[in-house]
Each structure stands twice: as structure tokens, then as C-alpha cells.
Engineer: 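Please find one structure pasted underneath; my questions will follow.
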Amino acid sequence: MNRLVVIGNGMAGHRLVRALRDRDPAGSWRVDVLAEEPHPAYDRVALTSYVDDWDFDRLVLDPVDLASVHLGDPVRTIDRAAHTVTTASGAVYGYDALVLATGSYPFVPPIPGHDLPGCHVYRTIDDLDGIRAAAGRIGVGRRSALVVGGGLLGLEAAKALRDLGLSPHVVEMAPRLMPLQVDEGGGGLLRRLIAELDVTVHTGASTQAIAEERGRLLATLSNGTELDVDLVVFSAGVRPRDELARSTGLAVGERGGVVVDGGCRTSDPSVYAVGECACVDGRVYGLVAPGYAMAEVVADRLLGGSAAFPGADTSTKLKLLGVDVASFGDAHAATEGALEVVFHDAVAGSYKKVVVSDDARTLLGGVLVGDASAYPTLRALVGAEVPGDPAALIAPAGSGGAVGIAALPPSAQVCSCNAVTRGAIDEAIGAGCADVACVKKCTTAGTGCGSCLPALKQLLAVAGVAQSTALCEHFGQRRVDLFEILRATGIRTFSELIERHGTGRGCDICKPAVASMLASLGAGHVLDGEQAALQDTNDHFLANIQRNGTYSVVPRIPGGEITPAKLLVIAEVARDFGLYTKITGGQRIDLFGATVDQLPLIWRRLVDAGFESGHAYGKALRTVKSCVGTTWCRYGVQDSVGMAVELELRYRGLRSPHKVKAAVSGCARECAEARSKDFGVIATETGWNLYVGGNGGFTPRHAELLVSDVDSAMLVRLIDRFLMFYVRTADRLQRTAAWIEAMDGGIDRLREVIVDDSLGICAELEAAMELHVESYADEWSGVLEDPAKLARFRSFVNAPGVPDPTVSFREERGQRVPVSLGMPGGGR
Ligand SMILES: Cc1cc2nc3c(=O)[nH]c(=O)nc-3n(C[C@H](O)[C@H](O)[C@H](O)COP(=O)(O)OP(=O)(O)OC[C@H]3O[C@@H](n4cnc5c(N)ncnc54)[C@H](O)[C@@H]3O)c2cc1C
């Protein structure tokens with residue numbers, strides 16, 4: 001049997017072994033994989049997600065039974081004459097064919113201090129464990145970090161550091177972030193969006209030196225800026241690991257990398273190189289897709305084939321700190337005569353550019369920042385004829401001009417990681433694939449970086465296959481089914497739910513959705529145990545993150561009614577913490593500009609004065625607005641304030657699929673604008689009219705009349721049923737308006753269920769609401785009373801009043817506002 005030795009158990013090495021097994025299940029090669037890292041092969045592309053749960057198993061790639069993998073024992077020498085390699089432990093392996101799959105190492109600029117303790121790189125699981133341990137050792141006070149390099153990996157590192165509770169600075173030598181992928185216009189917007197997320201960006205500057213000072217690191221930038229940080233992560237590019245090739249006399253490229261031909265063969269015919277260590281046509285690729293393509297080529301060659309490396313797509317799409325960035329094809333319009341079409345909506349935070357040939361007929365590439373939903377279609381269209389006006393390619397969705405996925409020709413490559421075309425996907429769908437999971441399995445599309453998954457969904461829809469109602473790829477169930485599972489089984493943790501009823505480890509869709517359901521089911525404080533890790537950013541800190549990375553605080557003011565004494569407390573807190581103060585559209589007072597460390601201090605003052613959280617951060621009941629009603633108004637026919645206060649106190653803290661707003665008007669003049677709310681109550685001479693399903697968010701809707709002239713007790717029971725039915729059966733992020741619209745029979749059906757009790761569930765819905773009312777507890781107090789939860793904020797508590805160097809303010813109309821940015825709108 002032939003002997004194959006693969007040096008390197010990274011993504012390309014692993015792919016090679018898998019490809020060999022797939023093509024040759026009988027196994028005509030005996031394979032030894034020699035690995036430097038002590039861990040099984042893992043998904044390096046998803047490395048940053050390790051910070052979410054520190055669960056390595058989630059990243060492990062499927063083991064391939066064909067190979068013997070030897071972990072933690074790097075190869076030290078290759079003897080090409082003897083056809084052997086020797087590892088650090090002294091083990092010797094003979095080979096008939098040898099594959100170098102040694103990847104890259106992070107480049108660390110040789111600046112003074114680059115090797116001080118506290119300086120890290122960002123490439124492996126061990127690197128992340130090291131960064132985590134270092135972050136854990138940082139004492140109380142302001143915690144910050146420096147990332148050297150503002151490319152793709154630098155921004156990923158910044159995200160990881162932020163998730164570890166550090167405020168990152170990113171220093172990039174080029175005039176913009178991600179200079180390789182993004183053009184000037186996109187870079188400008190990217191910088192703005194990233195800076196809004198507590199990441200301080202320094203472009204056009206390099207790090208000149210790092211020095212140790214009183215246990216911290218002082219970095220000096222070329223523009224004279226000095227940054228006092230706790231740790232430094234170098235992410236200044238990678239270099240191919242070609243040291244073994246050099247020492248054994250194989251040809252290497254001018255700028256490094258093992259030189260290979262189209263068959264991925266090095267200057268020695270029995271030695272191949274794949275992945276980031278290989279140099280094809282003078283080029284080294286730093287992405288996984290080209291490495292996979294090389295691995296396929298070598299597998300084919302080892303079995304006697306003549307496959308050749310087809311060149312590679314260097315398109316990239318990622319969500320950095322929640323900001324979409326994509327770049328594909330000739331993003332910088334380097335092709336002679338190339339024309340650019342740009343659509344930039346600074347208000348919506350979206351930049352889109354397509355590059356077309358000089359006759360405007362062929363799509364060459366593009367850049368998307370802020371909204372990259374068009375990426376799968378556009379990337380697949382690169383090289384194809386533009387179907388119509390190029391501007392239509394980036395026309396806003398819903399404008400009627402946008403080009404959809406249906407325009408892709410069969411030859412268009414939808415998944416660039418695995419080179420899967422639209423034709424192949426259509427074929428799989430034609431053969432019976434009815435969901436994304438099946439398409440993934442049959443075609444391997446979507447199993448790499450995952451950026452084409454939305455395209456797979458769209459192609460299923462184009463082919464007329466009913467859209468899956470699955471919550472996400474980890475749960476095949478609808479939200480309503482998961483709610484029922486939680487209710488029936490009593491499961492109260494995400495990990496148990498996914499283990500018993502889902503797959504994988506979860507994502508940004510299912511984690512907050514399950515967190516919301518658990519909260520509705522009374523699973524305790526939203527920051528209890530593993531629940532904390534499931535929450536969206538706002539819920540994570542029980543406050544709303546704002547454009548400049550500070551938070552806003554909204555105490556509950558039920559019905560908009562407040563005593564002068566409480567008003568004074570709010571005024572004093574705002575004054576003492578220098579908070580911008582605004583009356584919201586929902587009749588309460590929003591205090592903007594608080595840093596994370598200030599939140600518990602502010603809550604303490606407010607809670608002591610009798611305030612509680614207004615849940616302005618949560619998908620929960622926000623406000624019940626009111627007019628003054630019979631108490632003061634000459635026209636009022638009922639006590640609208642009293643009713644609003646009662647309803648707001650009853651439903652406060654109720655977690656729901658989307659935020660819920662309500663209002664009570666004391667007469668038909670409707671001063672509280674109740675019909676624009678999720679539920680609105682309007683007083684009549686004999687009782688109350690109840691309207692439901694208003695608001696609608698992006699698509700404004702008036703609420704529709706559900707019942708008229710009911711008394712107060714009945715009104716409350718009906719709202720109990722309405723809200724509980726909504727919480728249980730609506731989809732994730734579905735507003736009440738859309739929920740009723742989607743209901744077969746609309747408002748009439750809703751009336752049958754919650755007024756006429758056609759399903760016999762009203763008593764149960766009321767009982768569930770009663771349970772919510774009884775178990776309600778203020779979330780701010782929950783943190784203040786629990787040292788474990790408080791620890792989340794404690795690292796900052798020792799430094800109250802210390803100005804945050806990453807946040808700057810200016811004065812506007814007598815108040816502090818963030819520099820150069822207006823405050824976001826939206827009623828709270
Ligand atoms: C944080 C991060 C995010 C990324 N995001 C993306 C992305 O979004 N899209 C994308 O396309 N790419 C991304 N990449 C790049 C992608 O991970 C690499 O392109 C891919 O891992 C390259 O595969 P490889 O096998 O060539 O190298 P690697 O995966 O690095 O594997 C090489 C292996 O060889 C081992 N090795 C080296 N020398 C020896 C020796 N002498 N003996 C034994 N073993 C040895 C190394 O320890 C390593 O385990 C990202 C990388 C990182 C770090």
C-alpha cells in the first residue's frame with residue numbers, strides 16, 4: 001500500500017484526507033497526518049466564535065477514519081532522499097507522497113516590546129485560551145486592549161476582546177479598515193459603524209513601540225498617540241510556514257510560500273503543498289476556499305487524476321461585531337476601463353458598490369458594507385452578464401429594481417468554499433431536497449464559511465419548495481413548537497433544549513429567541529447562569545447600547561405618571577453622571593451616555609428612589625402611554641391614567657417575540673394615540689374598547705377593534721389572553737401586526753380564540769399571565785442584590801468618574817452628546 005504523509009492537521013490538510021477518503025473509500029493510501037497542534041482538526045474560520053462559549057468540541061471537524069493522526073508532535077526535518085520525515089519526538093515516517101499543509105504564522109512586526117508578556121497573536125485555539133487567561137488576570141479598573149492591524153483578522157480579534165470585556169483600540173497603517181477588501185467609501189462607513197461599538201479606530205498610524213509601565217502596556221503610535229492598555233494582540237498579516245520546505249531545499253516564492261505547479265506539486269515530484277503554505281503562480285492565498293480547492297486537486301492527483309488548481313475566488317463576507325462587510329471579485333476596480341456604480345445611504349448605514357466592465361455588461365466585483373444581503377447573488381454573478389441596468393444590482397430591496405437570486409445562470413458559483421454552482425443546487429432540489437440541510441448534505445454548499453446559506457434558502461423558494469419554518473439551522477421546529485416543548489417538558493436551559501431537541505451549539509438567532517421564551521416561562525433572572533450568554537447586547541447589560549458605545553437608562557414610569565420627588569431624583573442622577581436627558585415618545589425619561597461601569601451606580605440611585613427597570617432594552621412590554629383622562633380632562637369619560645398604570649404594572653417584564661407598546665385614551669379624541677399601539681384601549685361612556693395589532697414598526701399599522709364596551713375586569717382578562725397567545729405562538733421578531741396578519745382568518749380568528757374561547761385555552765392563557773404577574777421581579781434590583789451578577793459590571797466600578805478615553809462628547813443645546821454623531825431616534 002502507498003504511504004502518504006500529511007504535515008499539518010489544519011483546514012487544508014484535513015480536507016485533503018477527507019477528499020481522498022471520499023474518492024477512494026477502499027483506501028489505496030495509508031495516511032499519517034502529523035500535527036503540531038495538540039487538538040484535533042478544527043474550524044479555524046470560526047475561531048472567533050470560540051469566545052461565545054469556550055466550547056472547543058463545537059469547532060472540531062469530522063474525524064476521517066482513513067488516517068492516523070498524530071497530535072502535538074511537529075515535523076522537524078524532511079529527508080527527501082530517504083523519503084522520510086522526523087518529528088520533534090524523534091518518530092520517523094516513510095512516505096511515497098508527502099503533502100505540506102503547514103498553513104501560516106501570524107506576522108509580528110519587530111517593534112520594541114513586541115515580545116513583552118501581554119503581547120499575543122490570534123491564530124489558534126491555544127492563542128485564544130492564552131488571551132482569555134490574560135484577560136482574566138487583568139485587575140479591576142478600566143480594561144482595554146490594542147489590536148495591531150485593522151484587517152479582517154484584526155477586527156475579529158477586536159470582537160473577541162470586546163466579548164472578553166475589554167475596550168479595544170484597533171490601529172491600522174492604511175487609511176482605512178480592511179484595506180484589502182474594502183474601498184474608500186466602504187471603509188469610511190465601516191469605520192463609523194465599528195467606532196459606534198466601543199471600538200476605537202486609529203487609521204493611517206502604525207504601532208512604533210510597546211513598553212511596560214506599572215504592570216500595563218504603553219503603546220506609542222506613529223502619530224504620537226499613546227495608548228495605555230492591558231494587552232496587545234498582533235494581527236498584522238500572516239506569512240506562509242515554509243520553513244520545512246526551505247530547509248529541505250524545495251523552491252519557495254519570492255515573498256515566501258512553497259512553490260507549486262497547477263497540480264499543487266512542489267519542485268520535488270513526490271512532495272505537494274496545499275493551503276496557506278503554498279504559492280501558486282506567485283500567489284499565496286490567505287483564505288480557506290483556495291486551500292480546499294488545492295486539497296481536492298492533490299486528492300485527485302494521488303489517485304492518478306490530472307486535476308489542476310482552477311484559481312480562486314477571494315470573495316469575503318463576514319459579520320464583524322454585528323456589521324456586515326462583503327467584498328467580491330475585482331472590488332477595487334483594477335480591471336482596465338472598469339466602471340463603478342455606488343449606492344451609499346449614510347443614514348441607513350449602507351454602502352454598496354458594484355464594478356462592471358467598460359461596456360457595463362459584465363459584473364466584475366463589488367463591495368458591500370452595512371447591508372450585505374445581496375452578497376450571495378452578486379458574488380455568484382461575477383463574470384456573468386449583468387441582467388439589465390447595473391444600478392439595479394444594488395437597488396434597495398423592495399424598490400422594485402433589485403436583482404434577485406432567480407437571475408443567476410446555472411453556471412454561477414453559489415458556494416465558493418466548495419465550488420458549488422446554482423445548477424448543482426437546482427439539481428439537488430429537483431431530486432427532492434426540500435430544505436437547506438438537505439441541500440448542504442447533497443451538494444456540500446454552505447458547509448464552509450456559511451455565507452451562501454441565505455442563497456440556498458432563496459433558491460429553494462425560487463424552485464417553489466415551501467420555505468422551512470424552522471427557527472434556524474439548529475432547531476427544525478418553529479418558535480411556537482419550541483415554546484410548547486419548553487412548556488411541556490419543563491426544560492429551563494438552552495443547553496438542555498439544544499441537546500434534546502436541536503443540533504449543534506446555537507447561533508445569534510436561536511440563542512436570544514430561546515432566552516426570550518425562557519424568560520416568558522419564568523426561568524429566573526435574564527442574567528442567571530448560562531442565560532446571560534444567550535442575551536442580545538442590550539439585554540446583556542440591561543441597558544440600550546448607543547452609537548458611541550455608551551448606554552442609555554430608562555426607568556419605568558407607569559402610565560407616564562410621576563411624582564415631583566421622583567422627577568428630582570432623575571434630574572439629580574442625570575446631572576451627577578452628566579447624562580443627556582430626553583423625554584421619549586413613550587412618556588418616560590431616557591438618560592443617555594452612561595458607561596458600563598456607571599450602570600450599577602445609576603441603578604442604585606434610581607432603585608433606592610423607588611424606580612425599576614423600564615425594559616427599554618428588551619423585547620418586552622415597553623410603555624402604556626396615557627392621556628390625563630377623567631382626573632383632569634373636561635372630555636375624559638374614564639380614568640385612563642389609572643388603567644394605564646394598572647396595565648403597565650401588570651405586564652411589566654413580560655418577554656415577548658418583539659417589543660410591545662400600549663396606550664390608554666380617556667375618550668374618543670384619542671390623545672394617547674392608542675390605535676397606533678400593539679394594544680390600545682379607548683374609553684367609552686360604558687367601558688372600554690380594545691384595539692390590537694397596531695404599531696407595525698417599519699410598516700405602520702392601525703390597531704383593529706377586537707371588542708367594545710367591556711368593563712375593566714374583562715378588559716384586563718382579554719389583554720392577558722391576547723398577550724399570552726402572542727407570546728406563545730408568534731414567530732421570532734414578529735410584531736403583533738404581522739402576527740395577526742399571518743393568522744388564517746386574521747382578527748376574526750383571533751377574536752374566536754381569545755374572546756369566544758374556540759380552542760378552550762383562555763383559562764390557561766389567563767393562568768399563565770397570572771403566574772407572570774406573581775413572579776415578576778425588577779431586573780436592575782436582581783443585579784444589585786447579587787454579587788455574581790454585579791461582577792459583570794464590577795471591573796469598572798472602581799473607576800467611577802474616570803473619563804473614558806474612547807468616548808468623546810461635545811455640547812449641544814446645553815447637553816452632552818457624542819462627538820459628530822446625532823442620537824438615534826425611536827420611542828422608548
Ligand atoms: C480568526 C480567523 C478567522 C478567519 N476567517 C476566515 C474567513 O472568514 N474566511 C476564510 O476564507 N478564511 C478565514 N481564515 C483563514 C483560514 O482559517 C485559513 O485560510 C485556513 O485555516 C488555512 O488552512 P491551512 O490548512 O492552510 O492552515 P491552518 O488551518 O493554519 O493549518 C496548518 C496546520 O499546520 C500545522 N503545522 C505547521 N507546521 C507544522 C509542522 N512542522 N508539523 C506539523 N504540523 C505543522 C499548524 O500548527 C496548523 O495546525 C481565518 C483565520 C483566522 C485565524
Side-chain angles (χ1 to χ4, degrees), residues 2-20 23-24 28-36 41 67 69-70 73-88 92-105 238-312 314:
N2 292 323
R3 293 163 307 165
L4 171 67
V5 169
V6 181
I7 307 180
N9 190 32
M11 299 192 73
H14 178 269
R15 180 57 171 258
L16 164 67
V17 181
R18 207 180 83 185
L20 198 57
R23 285 155 199 258
D24 177 32
S28 49
W29 287 88
R30 198 190 78 203
V31 185
D32 284 292
V33 179
L34 309 180
E36 175 185 59
V69 182
H70 311 270
D73 191 14
V75 172
R76 291 284 186 243
T77 55
I78 300 171
D79 183 341
R80 289 199 287 129
H83 276 220
T84 57
V85 302
T86 306
T87 66
V92 178
Y93 297 84
Y95 66 82
D96 296 300
L98 175 68
V99 179
L100 301 174
T102 48
S104 299
Y105 66 91
V238 293
R239 301 284 185 271
R241 290 195 62 177
D242 54 16
E243 66 272 15
L244 282 173
R246 285 177 194 273
S247 65
T248 193
L250 292 172
V252 292
E254 227 172 83
R255 295 165 66 192
V258 191
V259 171
V260 294
D261 61 16
C264 296
R265 209 182 282 256
T266 67
S267 50
D268 177 337
S270 36
V271 183
Y272 299 82
V274 296
E276 289 193 359
C277 69
C279 174
V280 200
D281 289 334
R283 187 161 179 196
V284 172
Y285 293 92
L287 294 169
V288 73
Y292 279 176
M294 293 178 208
E296 296 287 342
V297 168
V298 173
D300 181 75
R301 294 267 174 155
L302 289 172
L303 297 171
S306 56
F309 180 62
T314 51

Engineer: Does Thr266 reach the main-chain N or O of Val271 with its side chain, forming a donor-acceptor pair under 3.5 Å?
Structural biologist: yes
Engineer: Give the minimum heavy-atom separation between Asp24 and Trp29, together with the two atoms involved.
Structural biologist: OD2-N, 4.2 Å
Engineer: Under a 4.5 Å cut-off applied to non-hydrogen side-chain atoms, are Arg301 and Cys264 in contact?
Structural biologist: no
Engineer: Say whether, by atom type as modelled, one donor and one acceptor occur between the side chain of Thr248 and the main chain of Ala245 under 3.5 angstrom.
Structural biologist: no
Engineer: Are the side chain of Asp32 and the backbone N or O of Val5 linked by a donor-acceptor pair below 3.5 Å?
Structural biologist: no
Engineer: Of all residues at least two apart in sequence or in a different chain, which pass the salt bridge (Lys or Arg N to Asp or Glu O under 4.0 Å) check with Arg15?
Structural biologist: Glu296
Engineer: Check whether any side-chain N or O of Asp73 sits under 3.5 Å from a backbone N or O of Thr87 as a donor-acceptor pair, and report yes or no.
Structural biologist: no
Engineer: Nearest 0.5 angstrom please: His83 NE2 to Tyr95 OH, how far?
Structural biologist: 4.5 Å
Engineer: Flag yes if more than 12 heavy atoms outside Arg30 fall under 6.0 Å of its CZ atom; otherwise flag no.
Structural biologist: no
Engineer: Check Arg23 against Leu303 and note the closest heavy-atom contact, atom names and distance.
Structural biologist: CB-CD1, 3.5 Å
Engineer: Enter the distance from Ser270:OG to Asp96:CG here, rounded to the nearest 0.5 Å.
Structural biologist: 8.5 Å
Engineer: Within the side chain of Asn9, is there an N or O that forms a donor-acceptor pair under 3.5 Å with the backbone of His14?
Structural biologist: no
Engineer: Looking at Val92, is its backbone amide N or carbonyl O close enough to the side chain of Thr84 to form a donor-acceptor pair, meaning the two atoms are under 3.5 Å apart?
Structural biologist: no
Engineer: If you compare all heavy atoms of Ala97 against all heavy atoms of Leu302, which two are closest, and at what distance to 0.1 Å?
Structural biologist: CB-CD2, 3.7 Å
Engineer: Determine whether more than 12 heavy atoms belonging to other residues, nucleotides or ligands lie under 6.0 Å from atom CG of Asp281.
Structural biologist: no
Engineer: Could you report the tightest heavy-atom contact between Met294 and Ala278, atom names first, then the distance?
Structural biologist: SD-CB, 3.9 Å
Engineer: Taking the inter-plane angle between the rings of His70 and Tyr93 on a 0 to 90° scale, is it parallel (under 30°), tilted (30 to 60°) or perpendicular (over 60°)?
Structural biologist: tilted
Engineer: Could you give the distance from CZ (Arg246) to CZ (Arg241), rounded to the nearest 0.5 Å?
Structural biologist: 13.0 Å
Engineer: Tell me the ring pair (Phe, Tyr, Trp, His ring centres under 6.0 Å) pairs involving residues 268-307, sequence neighbours left out?
Structural biologist: Tyr285-Phe309
Engineer: Give the intermediate values and the outcome of side chain to side chain contact (heavy atoms under 4.5 Å, CB included) for residues Leu20 and Leu4.
Structural biologist: CA-CA 11 Å; Leu20 198 57; Leu4 171 67; 3.7 Å; yes
Engineer: What heavy-atom pair brings Thr102 and Cys277 nearest, and what distance separates the two atoms?
Structural biologist: OG1-CB, 3.4 Å
Engineer: So among Leu100, Leu250, Thr86, Asp268, which one has a side-chain contact (heavy atoms from CB on, under 4.5 Å) with Ile78?
Structural biologist: Leu100
Engineer: Between Ala12 and Gly291, what is the shortest heavy-atom contact and its length?
Structural biologist: CB-O, 4.1 Å
